[in-house]
Participant: 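If you scroll down you'll find the structure; I have some questions about it.
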Amino acid sequence: MKQKNKNKNFKPDLDMYQAMGLSPEVISYGENILEELKERFAAIDRVAEYNQLKVLKAMQEAKVSEACLSGTTGYGYNDLGRDTLEEVYAKIFGTQDALVRPQITCGTHALALALMSNLRPGDELLSPVGKPYDTLEEVIGIRPSKGSLAEYGITYRQVDLLKDGSFDYEGIRQAVNGRTRLVTIQRSKGYQTRPTLSVSAIGELISFLKDLKPDLICMVDNCYGEFVETMEPSQVGADMVVGSLIKNPGGGLAPTGGYIAGTKECVENAACRLTSPGLAKEVGASLGMMNAFYQGLFLAPTVTAGALKGAVFAANVYERLGFAVIPDGREERHDIIQAVTFGTPEGVVAFCKGIQAAAPVDSFVTPEPWDMPGYDSKVIMAAGAFVSGSSIELSADGPIKPPYAVYFQGGLTWYHAKYGILKSLQQLVEERVVSLSDFVENF
Ligand SMILES: *Cc1c(COP(=O)(O)O)cnc(C)c1O
């Protein structure tokens with residue numbers, strides 16, 4: 001779909017962008033695309049506005065006070081900030097209770113905790129949406145690992161999605177048996193090519209599962225999905241939603257942490273496992289984290305909206321240049337991840353160099369493909385983040401193997417995401433991986 005510059009007189013902050021290393025043709029190409037995204041962006045803003053009010057309402061109802069912002073040390077008995085924050089999370093997710101702790105080290109830990117605490121030897125775990133996120137393979141024991149569910153006599157079954165991305169209801173019906181205790185549903189596609197699930201699709205799946213077996217525990221891996229829609233999976237029947245605070249709900253400010261929001265029973269099981277039987281939620285000092293957890297949560301709806309706009313913009317920028325993008329430029333979004341397939345190692349490397357060069361931290365560093373533990377090919381990563389490894393901040397990574405795709409996500413502000421994407425395009429142009437001459441005139 002070739003398109004000529006429609007508005008030749010348009011002058012975005014040309015001088016500033018040029019001072020930041022963008023050529024006039026790159027700026028113009030980007031602005032032409034943005035012209036067509038106004039409605040999409042307005043819809044994203046409306047979701048953010050709703051979610052902002054949802055967060056605010058929860059904070060007011062839970063009576064968040066100045067005293068909540070300072071933390072405890074030692075055992076952390078009667079930690080007002082921690083207990084109130086967990087109440088706020090429960091209100092936002094529409095659950096009976098929540099566990100939100102700096103002692104939950106990452107998303108994988110939160111998911112492992114939810115699984116290990118709610119399953120018992122002899123139980124079976126079912127994933128009705130295909131292979132779960134890579135790091136869960138060792139948690140479950142799909143790849144043998146110390147301390148996996150398999151070691152404790154918990155078996156695993158998986159039903160793949162059908163070719164068109166829909167649920168294999170017949171396969172699921174056959175997979176559910178007397179031992180099936182917990183179902184794990186991953187909302188985001190993660191680094192796969194299947195579609196991300198909408199909250200309403202997750203709701204339909206859960207209704208089907210509960211009709212088959214009413215006492216099934218339905219858990220949703222909510223990573224990258226929080227605040228993308230106005231509803232969360234826990235509002236359509238999920239017994240637990242689980243995620244990382246260095247993704248969407250930490251709003252970029254949480255320096256570490258994870259959450260599990262769900263039924264009283266599920267959360268209590270998780271708390272007994274995180275701390276100890278008998279101690280459960282009563283201990284766990286919040287240290288100095290509370291201010292960042294509250295303020296990050298408060299900002300999370302707008303931060304997520306910025307990241308979403310970046311993902312939509314990137315899809316359109318690269319789709320028009322002829323690259324395969326998932327999701328495509330027009331699809332409705334259910335998470336903040338954008339995949340772009342460049343088809344060549346040069347494309348992947350140039351893209352990541354551009355993202356790195358756009359970072360507020362370590363912008364002067366050149367990312368290189370390296371042999372990362374756990375991967376079967378070299379991987380290149382771009383991140384210049386305030387919080388190490390944070391993927392709500394602008395970041396990209398790509399394995400150096402066919403089909404040579406990069407996965408791009410985050411951006412604490414839309415303007416940073418926009419600049420990062422244009423900077424990646426600039427890099428691709430300079431390395432002659434793409435040419436814009438067919439798309440813009442007069443430069
Ligand atoms: C990021 C992610 C995880 C794991 O989280 P980490 O914080 O990287 O351990 C699990 N599932 C999905 C879908 C994710 O996106």
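Only heavy atoms go into these numbers, but all of them, side chains included; no hydrogens, no water, no symmetry mates. This chain uses plain numbering: 1 for the first residue, then up along the sequence. Quick caveat, the model's predicted, so the values are computed rather than measured. Both ligands and their constituent atoms are indexed starting at 1 by order of listing.
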Participant: Can we call the ring centroids of Phe41 and Phe313 under 6.0 Å apart?
Facilitator: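 Not close enough - the centres of the two rings lie 6.0 Å or further apart.
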Participant: Which one of Arg187, Lys247, His109 has a non-hydrogen atom at the shortest distance from atom 8 (O) of ligand 1?
Facilitator: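 Selected option, by shortest heavy-atom distance: Lys247.
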Participant: When you look for heavy atoms under 4.0 Å from ligand 1, do you find them on the side chain of Ile246, its backbone, both, or neither?
Facilitator: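 Neither; no heavy atom under 4.0 Å.
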Participant: Just to confirm my output: which protein heavy-atom neighbour is closest to atom 9 (O) of ligand 1, and how far is it?
Facilitator: Thr108 OG1, 2.5 Å
Participant: At a 4.0 Å threshold, what atoms of ligand 1 neighbour a non-hydrogen atom of Leu111?
Facilitator: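 Taking each heavy atom of Leu111 in turn, ligand 1 has 10 (C) under 4.0 Å.
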Participant: Is the number of heavy atoms from other residues, nucleotides or ligands under 6.0 Å of Asp215 CG greater than 12?
Facilitator: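 For Asp215, atom CG is crowded (more than 12 foreign heavy atoms under 6.0 Å).
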Participant: Should you measure from each heavy atom of Tyr224, which atoms of ligand 1 turn up under 4.0 Å away?
Facilitator: 15 (O)
Participant: Which protein non-hydrogen atom lies closest to atom 7 (O) of ligand 1, naming both residue and atom, and how far is it?
Facilitator: Gly107 N, 2.8 Å
Participant: Go through ligand 1 atom by atom and flag the ones less than 4.0 Å from a non-hydrogen atom of Gln186.
Facilitator: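 What qualifies from ligand 1 is 13 (C).
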Participant: Could you check whether Lys281 makes a cation-pi contact with Tyr89, meaning its NZ or CZ is under 6.0 Å from the centre of the six-membered ring and within 45° of the ring axis?
Facilitator: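 No, Lys281 does not lie over the aromatic ring of Tyr89.
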Participant: Is the distance between the ring centroids of Phe93 and Tyr259 under 6.0 Å?
Facilitator: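 Yes, the ring of Phe93 comes within the 6.0 Å limit of the ring of Tyr259, centre to centre.
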Participant: Among protein heavy atoms, which sits nearest to atom 11 (N) of ligand 1, and what does the distance come to when rounded to 0.1 Å?
Facilitator: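 Of the protein heavy atoms, Asp221 OD2, 2.6 Å lies nearest.
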Participant: Whether Lys189 and Asp335 form a salt bridge (side-chain N of Lys/Arg under 4.0 Å from carboxylate O of Asp/Glu) is what I want to check.
Facilitator: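 Salt bridge between Asp335 and Lys189, a charged N being under 4.0 Å from a carboxylate O: yes.
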Participant: Under 3.5 Å, is there a donor-acceptor pair between the side chain of Tyr407 and the main chain of Pro399?
Facilitator: no
